[in-house]
Engineer: 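Would you mind keeping the following structure in view while I ask a few things?
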Amino acid sequence: MVEKTFAILKPETVARGLVGEVLRRIEQEGFRICAAKLVKATEKQAEKLYEMHVGKPFYKELLSHITSGPIFVMVVEGESAVQRLRALVGATNPAEAEKGTIRGDYGLTVTKNAIHAADSQENARRETAIFFAPEEILDL
Ligand code: IDP
Ligand code: MG
């Protein structure tokens, strides 16, 4: 089923000049970009994005990292997009991520693991709404 998902190129990916490279990989896998922009996440947006991680030992670091610089937020569409984008992204810890995955090739540390991708259709919708107004998401 064709569906949309949500992803974020994290601050270190933008700072390292890897936006084009990561987008190329995503497009090459057949995903189509429906919305995209560069933003600086507010505290509020970061808290909403990571609400499921409240209380975990790495929560504070997660918030400070995602608000530390410009991020590239996007909505992409494709067949089984949530599951297929997660596969392209790779394991959470870059040291354990397969070569050829985005994190395996560009992740630096568990915190600086290059990219966020929604893990369910429900979270994709919830996370998209934190960063995009409905009219910003184009029907392709
Ligand atoms: P995911 O990004 O692969 O979905 P989650 O478990 O949802 O992984 O965690 C969200 C983010 O929190 C990860 O992308 C990673 O940056 C960070 N994170 C997850 N587990 C740890 C940890 O054990 N130590 C430090 N940071 C972590
Ligand atoms: Mg997650």
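Start at 1 and go down the list; that is how both ligands and their atoms are numbered. Computed over heavy atoms, backbone and side chain alike; hydrogens, waters and symmetry mates excluded.
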Engineer: Just by distance, no angles: are the side chains of Glu21 and Tyr106 close enough, under 3.5 Å, to form a donor-acceptor pair?
Structural biologist: yes
Engineer: With hydrophobic residues grouped by side-chain heavy-atom distances under 4.5 Å, do Val76 and Leu38 end up in a single group?
Structural biologist: yes
Engineer: Any donor-acceptor pair under 3.5 Å linking the side chain of Arg25 with the backbone of Leu88?
Structural biologist: no
Engineer: Got a second to check how far Ile137's CD1 is from Ile33's CD1, nearest 0.5 Å?
Structural biologist: 14.0 Å
Engineer: For the residue pair Phe131 and Phe6, does the interplanar ring angle fall in the parallel (under 30°), tilted (30 to 60°) or perpendicular (over 60°) class?
Structural biologist: parallel
Engineer: Looking at ligand 1, does Lys10 have a heavy atom less than 4.0 Å from it?
Structural biologist: yes
Engineer: Looking only at protein heavy atoms, identify the closest one to atom 11 (C) of ligand 1 and say how far it is in Å.
Structural biologist: Leu62 CD1, 3.6 Å
Engineer: Check ligand 1 against Asn113 and write out every atom of the ligand that is under 4.0 Å from a heavy-atom position of the residue.
Structural biologist: 13 (C), 14 (O), 15 (C), 16 (O)
Engineer: Which protein heavy atom lies closest to atom 10 (C) of ligand 1, and at what distance to 0.1 Å?
Structural biologist: His53 NE2, 3.5 Å
Engineer: I need the nearest protein heavy-atom contact for atom 1 (P) of ligand 1: residue, atom name and distance, please.
Structural biologist: Thr92 OG1, 3.6 Å
Engineer: Quick test: of every protein heavy atom, which one is nearest to atom 2 (O) of ligand 1, and how far off is it to 0.1 Å?
Structural biologist: Arg103 NH2, 2.9 Å
Engineer: Starting from atom 25 (C) of ligand 1, which protein heavy atom do you reach first, and at what distance in Å?
Structural biologist: Phe58 CB, 3.5 Å
Engineer: Any side-chain heavy-atom pair from Asn93 and Asn113 closer than 4.5 angstrom?
Structural biologist: no
Engineer: Starting from atom 15 (C) of ligand 1, what is the nearest protein heavy atom, named by residue and atom, and what distance separates them?
Structural biologist: Val110 O, 3.2 Å
Engineer: Can a donor-acceptor pair be found, under 3.5 Å and without considering hydrogens, that links the side chain of Asp105 to the backbone of Gly100?
Structural biologist: yes
Engineer: May I ask you to check if ligand 1 and Arg86 share an N or O to N or O distance below 3.5 Å?
Structural biologist: yes
